[in-house]
Amino acid sequence: SYFMFRQEPTIQWEHFAVMQENSSTLALADGSLVDVNRGSELYYPASFDDDTRRVRLQGEAFFDVRKGVEKPFVVDVGQFSVRVTGTAFNIRNSAGSFEVVVVEESVVVQNRVAGDDVVNLVAGEVARLDKKNHRLVREINRNNNFMAWKTRRIEFRNSSLEEVCQTVESVYGIRVDLDESLANGGHLLTAAFSHDDLDNVMKVIELTLDVKFEPSGENHYILQPSR
């Protein structure tokens, strides 16, 4: 389920939180559309009266920003900001990781902790936070599943277990930790799913790679060797 409520009038922010559904779509005052993933929250004004159209995101969302509006559109995500005029892009910020993938046109991503850490992205590119030097890295996006949480379609092509775990987490709203014995990159998965439930996806992965999703608390699993 999701819920909406208005905070104190002096703040003039709306709060949109998706709790259990796969995702939910929100239309902003300027006509922009935001698909918000489960477990994510969006804060936005009832109307864009300032010189920028600014929103705040916690978690993951896909933005289809209305074009033809002079005011820049800015998404604040923790220590980062994403600035556009009219474009489509996906943002994921969770568990210490940050990623922006551009689908149409271009965006500017800034790390506000390091003011000079700014990258310009065009369609087909991704910006990620490098956990070693804590700076943004610009790359060609090679992850076919970055919008799987929205489309419910997953395609693995010789994908590492780390990529498999990240995708399953994003699509099904669970946490999967990879056992250290499987972190050597020796297991690669090729498989495709379309609107499959979690149990079926887990079963295919287990049988194909001889691994086991071991429950470790509510919505938490450890992926480990089956024996």
Side-chain angles (χ1 to χ4, degrees), residues 2 16-26 32-44 54-65 73-84 87-113 117-132 134-156 159-178 193 198 201 219-220:
Y2 64 85
F16 184 82
V18 179
M19 306 303 292
Q20 298 298 330
E21 276 100 356
N22 296 329
S23 65
S24 189
T25 303
L26 173 70
S32 297
L33 298 177
V34 187
D35 288 296
V36 183
N37 199 0
R38 78 170 88 195
S40 302
E41 302 177 51
L42 185 74
Y43 294 84
Y44 62 99
R54 185 177 297 273
V55 300
R56 301 200 307 262
L57 172 68
Q58 296 176 6
E60 183 169 24
F62 178 82
F63 292 83
D64 188 357
V65 178
F73 190 97
V74 179
V75 185
D76 290 326
V77 195
Q79 72 189 62
F80 305 97
S81 65
V82 180
R83 187 181 184 92
V84 305
T87 185
F89 56 96
N90 193 82
I91 299 178
R92 179 174 57 84
N93 185 41
S94 62
S97 66
F98 172 78
E99 175 182 278
V100 179
V101 182
V102 181
V103 177
E104 296 178 1
E105 299 192 26
S106 61
V107 309
V108 179
V109 185
Q110 180 180 21
N111 181 353
R112 295 195 303 272
V113 172
D117 189 11
V118 180
V119 297
N120 295 275
L121 301 177
V122 298
E125 293 184 330
V126 56
R128 295 188 179 92
L129 178 66
D130 188 308
K131 295 182 180 180
K132 293 183 179 180
H134 303 289
R135 294 185 68 85
L136 292 168
V137 177
R138 173 186 174 186
E139 301 173 336
I140 299 296
N141 178 48
R142 294 182 172 84
N143 179 10
N144 297 322
N145 297 313
F146 74 96
M147 285 179 58
W149 64 270
K150 182 175 180 295
T151 65
R152 310 298 292 176
R153 292 182 174 87
I154 304 173
E155 184 176 5
F156 295 119
S159 301
S160 68
L161 281 181
E162 182 178 5
E163 179 183 337
V164 170
C165 290
Q166 290 176 351
T167 300
V168 171
E169 286 181 330
S170 176
V171 174
Y172 295 100
I174 63 173
R175 175 184 167 189
V176 181
D177 290 329
L178 190 61
F193 307 93
L198 177 60
V201 172
N219 294 324
H220 180 201

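Inter-residue side-chain proximity for Val84 and Phe63 is flagged as unmet; no heavy-atom pair is nearer than 4.5 Å. By the 4.5 Å heavy-atom criterion applied to side chains, Ser40 and Val18 are not counted as neighbours. Side chains of Glu139 and Asn141 form no contact here, defined as non-hydrogen atoms less than 4.5 Å apart. With a 4.5 Å cut-off on side-chain heavy atoms, Thr167 and Ile154 count as touching. Looking only at side-chain heavy atoms (C-beta outward), Val101 and Asn143 stay at 4.5 Å or farther from each other.
Ion pairing between Arg112 and Asp76 holds under the 4.0 Å rule for side-chain N and carboxylate O. Checked for salt-bridge contact, Arg175 and Glu169 miss the test: no charged N lies under 4.0 Å from a carboxylate O. The existence of a salt bridge linking Asp130 and Arg128 is excluded, since no basic side-chain nitrogen approaches an acidic carboxylate oxygen closer than 4.0 Å.
Between the CG atom of Asn145 and the OG atom of Ser170 there is a distance of 9.5 Å, given to the nearest 0.5 Å. Note that CZ of Phe62 and OG1 of Thr151 are 11.0 Å apart. Values are rounded to the nearest 0.5 Å. The CG atom of Leu26 sits 8.5 Å away from the CG atom of Leu33 when rounded to the nearest 0.5 Å. The structure places CD1 of Ile91 at 10.5 Å from CD of Glu99, a figure rounded to the nearest 0.5 Å. One finds the CG atom of Asn37 at 12.5 Å from the CG atom of Leu42 (value rounded to the nearest 0.5 Å). Of the inter-residue distances, the one linking Arg92 atom CZ with Ser97 atom OG reads 4.0 Å to the nearest 0.5 angstrom.
The backbone N or O of Glu163 lies less than 3.5 Å from no partner atom in the side chain of Gln166, so there is not a single donor-acceptor pair. The backbone N or O of Leu136 lies less than 3.5 Å from a partner atom in the side chain of Asp117, making a donor-acceptor pair.
A side-chain donor from one of Asp35 and Thr25 sits under 3.5 Å from a side-chain acceptor of the other. In summary, the side chains of Asn111 and Gln79 do present a donor paired with an acceptor at a separation below 3.5 Å, with no hydrogens or angles considered. Side-chain contact annotation: Asp177 with His220, donor-acceptor N/O pair under 3.5 Å present.
Taking each heavy atom of Arg38 and Val171 in turn, the nearest pair found is NH2-O, 3.5 Å. Residues Val74 and Arg83 come closest through the heavy atom pair CG2-NH1, 3.7 Å. Closest non-hydrogen pair, Asn219 versus Gly173, comes out as CB-O, 4.4 Å. The two residues Glu60 and Phe146 have their closest heavy-atom pair at OE2-O, 3.9 Å. The heavy-atom pair separating Gln110 from Val118 by the smallest distance is CG-CG2, 3.8 Å. When every heavy atom of Trp149 is checked against every heavy atom of Val36, the shortest pair comes out as CZ3-C, 3.9 Å.
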Open item on the list: side chain to side chain contact (heavy atoms under 4.5 Å, CB included) for Phe80 and Val113? Distances and angles first, verdict last.
Closed with: CA-CA 8 Å; Phe80 305 97; Val113 172; over 6 Å; no
- [ ] Apply side chain to side chain contact (heavy atoms under 4.5 Å, CB included) to the pair Asn90 and Val103, showing each step before the final yes or no.
- [x] CA-CA 8 Å; Asn90 193 82; Val103 177; 5.7 Å; no
Task: Derivation and outcome, side chain to side chain contact (heavy atoms under 4.5 Å, CB included), residues Val55 and Tyr43 - done: CA-CA 6 Å; Val55 300; Tyr43 294 84; over 6 Å; no
Open item on the list: Does Leu121 form a side chain to side chain contact (heavy atoms under 4.5 Å, CB included) with Val109? I'd like the steps, not just the answer.
Closed with: CA-CA 8 Å; Leu121 301 177; Val109 185; 4.0 Å; yes
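By the side chain to side chain contact (heavy atoms under 4.5 Å, CB included) test, Ser32 pairs with Leu28, Asp30, Arg53, Val65, Arg66, Phe73, sequence neighbours left out.
Residue-environment remark: CD (Glu162) stays at or below the threshold of 12 foreign heavy atoms within 6.0 Å.
Aromatic ring orientation, Phe193 versus Phe156: perpendicular (interplanar angle above 60°, classes split at 30° and 60°).
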